[in-house]
There are 2 protein chains.
Amino acid sequence: MEKEEFYKNLQLKGYRLTQRRQEIIDYLFTFPNRYIAAREIIEYLQSKHATLSFETVYRNLHTLRDEGLLVELQFGTEAHYRIPCTIAHHHHFVCLACGRTYALLSCPMSTIKDFPEGFEILYHRFEIFGLCADCQKAEQPTLVNALISNQVDANLSKRE
Amino acid sequence: MEKEEFYKNLQLKGYRLTQRRQEIIDYLFTFPNRYIAAREIIEYLQSKHATLSFETVYRNLHTLRDEGLLVELQFGTEAHYRIPCTIAHHHHFVCLACGRTYALLSCPMSTIKDFPEGFEILYHRFEIFGLCADCQKAEQPTLVNALISNQVDANLSKRE
DNA sequence: AAACTAATCATAATCATTACGATCTAATTC
DNA sequence: GAATTAGATCGTAATGATTATGATTAGTTT
């Protein structure tokens, strides 16, 4: 979706195109195929407007997410956001350092046969986390937290 | 792993079997195949010992997780823990209301072919969240948070 | 039983996020 | 194009989950 179309969708849904809201959207549009942490957006906007309230950023991100105009992904200790992909349902490789994503067209749900009886599926998640080629060269400190808080998966695969 | 074996492993690794630690482990052992929120463990231990420090519970959960003796899973707004499965690497259906899990033996990693060039995989996660047959009858309030904070996935599948 | 060091408690701080009431501003109407 | 009016923002404070620290307690070893 292009930026102008994004604005229009927002207004069709009855939301105003405010200065802050537009700045948030514009910022996300400058990073195609990347998840950006809420904190990063706050830092950016605060550098432009010293009076920015956190609440404004969080409220907007949640509104846009609830309307399906943004995609949210939790990793490390923070929520991350991005402009949605335009292609059909799929999953991602996600770089823990820069948030860049790489599409993975296959969805594991299609191959599953052993569903527990009577279980109502509400949603699923499948992500492959790691380091993109660029970030392997220059490891960033943000990586550490994300790794530690997900050590579980590392341990699980060790036991295999 | 049986409880006695768990204790022994802990001591072999040089950790003491303290009262609090044992109570945490025992509590988790009373819920086979279920993820328990750190908060639930704290509430339980506080009801037994008014002087309990949060830190004690969090520290123990992290220590045990780091040693591979517990498995951690983040969903909703909280970290959840469980005694590890004894079978090889696999994934789960997870009930959002009670935390009960159902094994899913296939792992999507085995079928993936389109890896982005130079991407270093550190870990992956794949979970199917929903409501088990029991919890569908009596929906719990805890469910709401977990759902809201993962609305992204619901939206993604809508767009499909 | 004394000694040693890990583990706990008590207390406070941190980080990410959410809440609330007063003020402002984008869109609509006159 | 000024007045109107919700919707959005700011300012401030609070919350929930988790982490930090230093004094005290308690498993384990000698």
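First the proteins, then the strands, lettered A, B, ... as listed; each starts at 1.
- The residue among B:Ala38 and B:Leu17 whose nearest nucleotide of DNA chain D is located toward the 5' end is B:Ala38.
- Protein atom CD of A:Glu23 is 9 Å distant from nucleotide atom P of D:dC10, rounded to whole Å.
- Checked against the 6.0 Å centroid criterion, the rings of A:Phe31 and A:Tyr27 qualify as a close aromatic pair.
- Of the possible polar contacts, none joining the B:Arg125 side chain to the A:Arg125 backbone as a donor-acceptor pair under 3.5 Å is found.
- Note on B:Glu23 versus B:Arg20: salt bridge recorded, some NZ/NE/NH1/NH2 to OD/OE distance being below 4.0 Å.
- Among the nucleotides D:dT9, D:dG11, D:dT19, the one closest to any side-chain atom of A:Thr51 is D:dG11.
- Across A:Glu127, A:Arg82, A:His91, a single residue satisfies side chain to side chain contact (heavy atoms under 4.5 Å, CB included) together with A:Thr101, and that is A:Arg82.
- Distance CG (B:Leu45) to C1' (C:dA10): 17 Å, rounded to an integer number of Å.
- B:Glu78 comes within 4.0 angstrom of the backbone, heavy atoms only, and of no base.
- What separates OH of A:Tyr7 from P of C:dA27 is a distance of 12 Å, to the nearest Å.
- Using a 4.0 Å heavy-atom distance criterion, A:Gln11 is classed as a sugar-phosphate-only contact.
- Comparing D:dA20, C:dA16, D:dC10 against the side chain of A:Arg39 picks out C:dA16 as the nearest.
- At a threshold of 4.0 angstrom between heavy atoms, the contacts of A:Arg59 include nucleobase atoms, whether or not backbone atoms are also involved.
- Atom C1' of nucleotide D:dT25 and atom CG of B:Leu52 are separated by 15 Å, given to the nearest angstrom.
- Residue contacts shown for B:Gln22 are absent, as no nucleic acid heavy atom lies under 4.0 Å away.
- Listed nucleotides: C:dT17, D:dA8, C:dA10. Nearest to the side chain of B:Ser53: C:dA10.
- In this structure, B:Arg21 atom CZ and D:dT28 atom C1' are separated by 13 Å, rounded to whole Å.
- Taking only side-chain nitrogens and oxygens, A:Arg20 never comes nearer than 4.0 Å to OP1 or OP2 of C:dT25.
- Considering only side-chain N and O atoms, B:Thr18 lies under 4.0 angstrom from the phosphate OP1 or OP2 of C:dT8.
- With respect to the salt-bridge test (charged N to carboxylate O, under 4.0 angstrom), the residues B:Arg39 and B:Glu43 qualify.
- The residue A:His49 sits apart from the nucleic acid: no heavy atom pair falls under 4.0 Å.
- As rounded to whole Å, 10 Å separates atom C1' of D:dA8 from atom CD of A:Glu55.
- A:Tyr102 and B:Phe119 have perpendicular rings, their planes meeting at more than 60° on a 0 to 90° scale where under 30° would count as parallel.
- Of the listed nucleotides (D:dT18, C:dT8, C:dT17), C:dT17 has the atom at the smallest distance from the side chain of A:Ala79.
- Taking only distance into account, the side chain of B:Arg16 meets the base of C:dA6 through a donor-acceptor pair shorter than 3.5 Å.
- Between A:Leu10 atom CG and D:dA8 atom P there is a gap of 8 Å when expressed in whole angstrom units.
- Counting only heavy atoms from C-beta on, A:Tyr58 has its side chain closest to C:dT17 among C:dT17, D:dA8, D:dC10.
- Contacts of A:Phe54 with the nucleic acid, taken as non-hydrogen atoms under 4.0 Å apart, include base atoms.
- Atoms CG (A:Leu12) and P (C:dA26) sit 19 Å apart, rounded to a whole Å.
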